[in-house]
Amino acid sequence: MDAIITVMELEILAARFVGRKRIQQAFSQFSQQQQCQLLADQQASPAIIAHTEKVLASVFGEASAKLVLTSALRGRDMQLEDVATIVNEASEMFDFSRGLLQGAIEHINQGIAVVDKQLRLVAWNQRYLELFTFPAGLIQVGRPIADVIRYNAQQGLCGEGDPERHVIKRVQHLQQRTAHTSSRVRADGQVIEVQGNPMPSGGFVMSFSNITVFRQAEAALKESNENLEARVQKRTQQLEQLNQQLVIATQQAESQARSKSRFLAAVSHDLMQPLNAARLFSSSLVEVSEGQQSARLAAHITSALSAAEDLIGDLLDVSRLEAGKLAAHIVPLRVSDILSVLQAEFGVLAQQQQIDFKVVMSEAVILSDSKLLRRALQNFLTNAFRYNPKGRVLLGVRRRGERLLIEVWDNGPGIPTEKQADIFDEFTRMDQTGAEHGLGLGLAIARGISRVLDHPLGLRSWPQQGTVFSLAVVRSSAPMLPLKTALLPHSTRAPLAGLKVLCIDDEAKILVAMMTLLEQWQCEVRIAKNKVQTRQVLSDGWQPDAILSDYHLAKQQTGLEILLWCRTQLGSHFKGVVISADQLTDNQTMIQDHGFSFLSKPVKPLKLRVILNQCLIPAP
């Protein structure tokens, strides 16, 4: 008859085979799954008995587990043959488990070695044996791993130094259950990577991988990177050298450009001095010419001098454009004010050259610089008059979106298509027989001015039919500034008799020329070369109505300084005029800020006479 077994007795029985801790965990798991409480004195139910059998079966098989529980339930001791059966089945399970382990590690590419808690070798695979050349009998179950490490150290696989030190170091790692990774370089150049990881129940699993190919690739990549870095560094040095050469070349080019600009300015200034004197003398000659032939010769001289002045003026403009010193003063302007000045200026020339010149006026308001815009349009008109003698020229305006096109039309020979791209370059001229050529700077200056003003320049031309030059200007609705009143022809004949004029210049010829012209106008003239002579001229109480002074004088003196000194002596009862070939806008602004007028060399008698006429107007 079967005996009754309690939960406590069942637990004690199972603990003999699987351990107290494991069976307690199993009973606790059963209690949670079945949602019931197991009491020690409670009779063991069939369910808890079956659960205990499964736990025992995991250790020594189902048959042995059933045998153990049957014996306990029947209240009899197990016979010797029963114990042999249990041991035999457990042994078979162990062999089966070890077989599974061995089969698993044999299919791993890395070499594997397993040691137990006592650091004895318990399993390995064939790959492990292939990676290391072990003597016969060394690798076997139960071999202390220290013996294997010692053999490898003696072969030099653990590095230089005492082999026993290597053994102690590695055994300490295993005893401390420290995960580690290292690599070994063998004499044949192969690199073996070793990874060690502790097992939860004790012991160690070590893997050995041949990473020679990886290290070779890594070394090749490192060498490639080093070569690449060397090439990049070399290329960088070459680029730095090229940049330095470019900086030096740029600085040299800028220096040469500045030198050229200074040279052009200096040469132009020096050329203006004799031209100024010649222009004054030619004007005096026109004043005194009585015969028709003398008047014609004087007019030719004046015309030739005007041409020379224009060429020098073009050179100065080019130098200022290249130096970036041509500044624009953009304000609202009425287009008709610009066109009226050009109509008056070129109307007389059109009559002389028998050119049909027409201007179509516009009251539109634009944003521009009156002086620069007028200069660009002057160059367009000069070009049209030069290459279209006895032809037709039209100056007008048309709308184009938000802009206005100010255009100059002519019915001349036109510009060949292949030359239109180069027509705005410096020193480029059309080869037209009979035309008076200049230096070919007019259109180049117009292009430079268009860029400064941001007025896009346009060109259309038809061979043997004509050409159109245009500037696209921005329209404006803002209040405009009145354009300075143009010089009126009748003002040139106002009487100047008795007008007292002091002329200051360090050039003797210019003083003589100025005195000759002014005396022709019946002025009372006195001259001085510097501040000392000016003081002497004024020492007798003589009060000039106008003082005309050159800007650059000897010994670093300037005409502006002398005029300011004269103001301290005479007050503001005279008209001060500074005359200079220097076209710098800053100097002109400074002169005008002090209340004086400015005349550029060579002095045009028309402008000089208008300024002197202002001295005759009574003060308000």
Side-chain angles (χ1 to χ4, degrees), residues 2-80 82-105 112-123 141-142 144-145 171-180 196-206:
D2 293 343
I4 300 174
I5 186 169
T6 65
V7 172
M8 179 180 293
E9 292 172 338
L10 184 62
E11 180 181 340
I12 294 173
L13 174 65
R16 296 175 184 174
F17 299 96
V18 298
R20 185 174 184 82
K21 183 177 180 180
R22 182 173 179 182
I23 197 61
Q24 287 178 347
Q25 291 177 348
F27 278 25
S28 176
Q29 182 181 8
F30 174 83
S31 178
Q32 292 177 358
Q33 291 177 351
Q34 298 297 324
Q35 296 182 357
C36 65
Q37 185 178 5
L38 295 177
L39 300 178
D41 298 333
Q42 178 183 355
Q43 181 180 351
S45 65
I48 187 60
I49 294 174
H51 183 73
T52 304
E53 184 179 341
K54 289 182 180 179
V55 174
L56 295 176
S58 65
V59 176
F60 40 67
E62 294 182 2
S64 298
K66 186 178 291 295
L67 178 60
V68 169
L69 290 177
T70 301
S71 299
L73 291 173
R74 290 180 178 178
R76 66 176 178 86
D77 294 331
M78 288 185 292
Q79 302 300 316
L80 179 62
D82 296 333
V83 174
T85 301
I86 295 172
V87 171
N88 182 61
E89 187 175 2
S91 177
E92 289 179 355
M93 287 190 61
F94 174 77
D95 292 339
F96 175 73
S97 299
R98 190 178 185 283
L100 288 177
L101 173 63
Q102 191 68 37
I105 64 177
I112 301 294
V114 183
V115 297
D116 59 13
K117 294 179 182 180
Q118 288 73 36
L119 303 183
R120 294 174 299 186
L121 191 63
V122 295
V141 176
I145 195 63
V171 169
Q172 286 179 347
H173 279 299
L174 296 175
Q175 290 174 340
Q176 295 171 0
R177 300 174 54 77
T178 304
H180 63 274
N197 292 285
M199 293 188 295
S201 59
F204 239 84
V205 176
M206 293 174 288

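Note that these values count all heavy atoms, side chains included, but never hydrogens, waters or copies made by symmetry. Sequential numbering from 1 along the given sequence is applied to the chain's residues.
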Heavy-atom closest pair, residues Pro198 and Arg177: CG-O, 3.6 Å

Side-chain (Ser31) to main-chain (Cys36) donor-acceptor, under 3.5 angstrom: yes

Close side-chain approach of Leu119 and Phe204, heavy atoms under 4.5 Å: no

Point-to-point distance, once rounded to the nearest 0.5 Å, from CG of Leu174 to NZ of Lys117: 15.5 Å

Residue pair Val55 / Ala26: nearest heavy atoms and the distance that separates them: CG2-CB, 3.7 Å

Distance (rounded to the nearest 0.5 Å) between Ile12 CD1 and Arg20 CZ: 7.0 Å

Distance, nearest 0.5 Å, that separates CE of Met206 from CG of Leu121: 7.5 Å

Between CD1 on residue Ile23 and OG1 on residue Thr52, distance to nearest 0.5 Å: 5.0 Å

Check: Leu38 and Glu11 side chains under 4.5 Å, non-hydrogen atoms: no

Approximate separation, where rounding is to 0.5 Å, of Gln33 CD and His51 NE2: 6.5 Å

Distance (rounded to the nearest 0.5 Å) between Gln34 CD and Gln29 CD: 10.5 Å

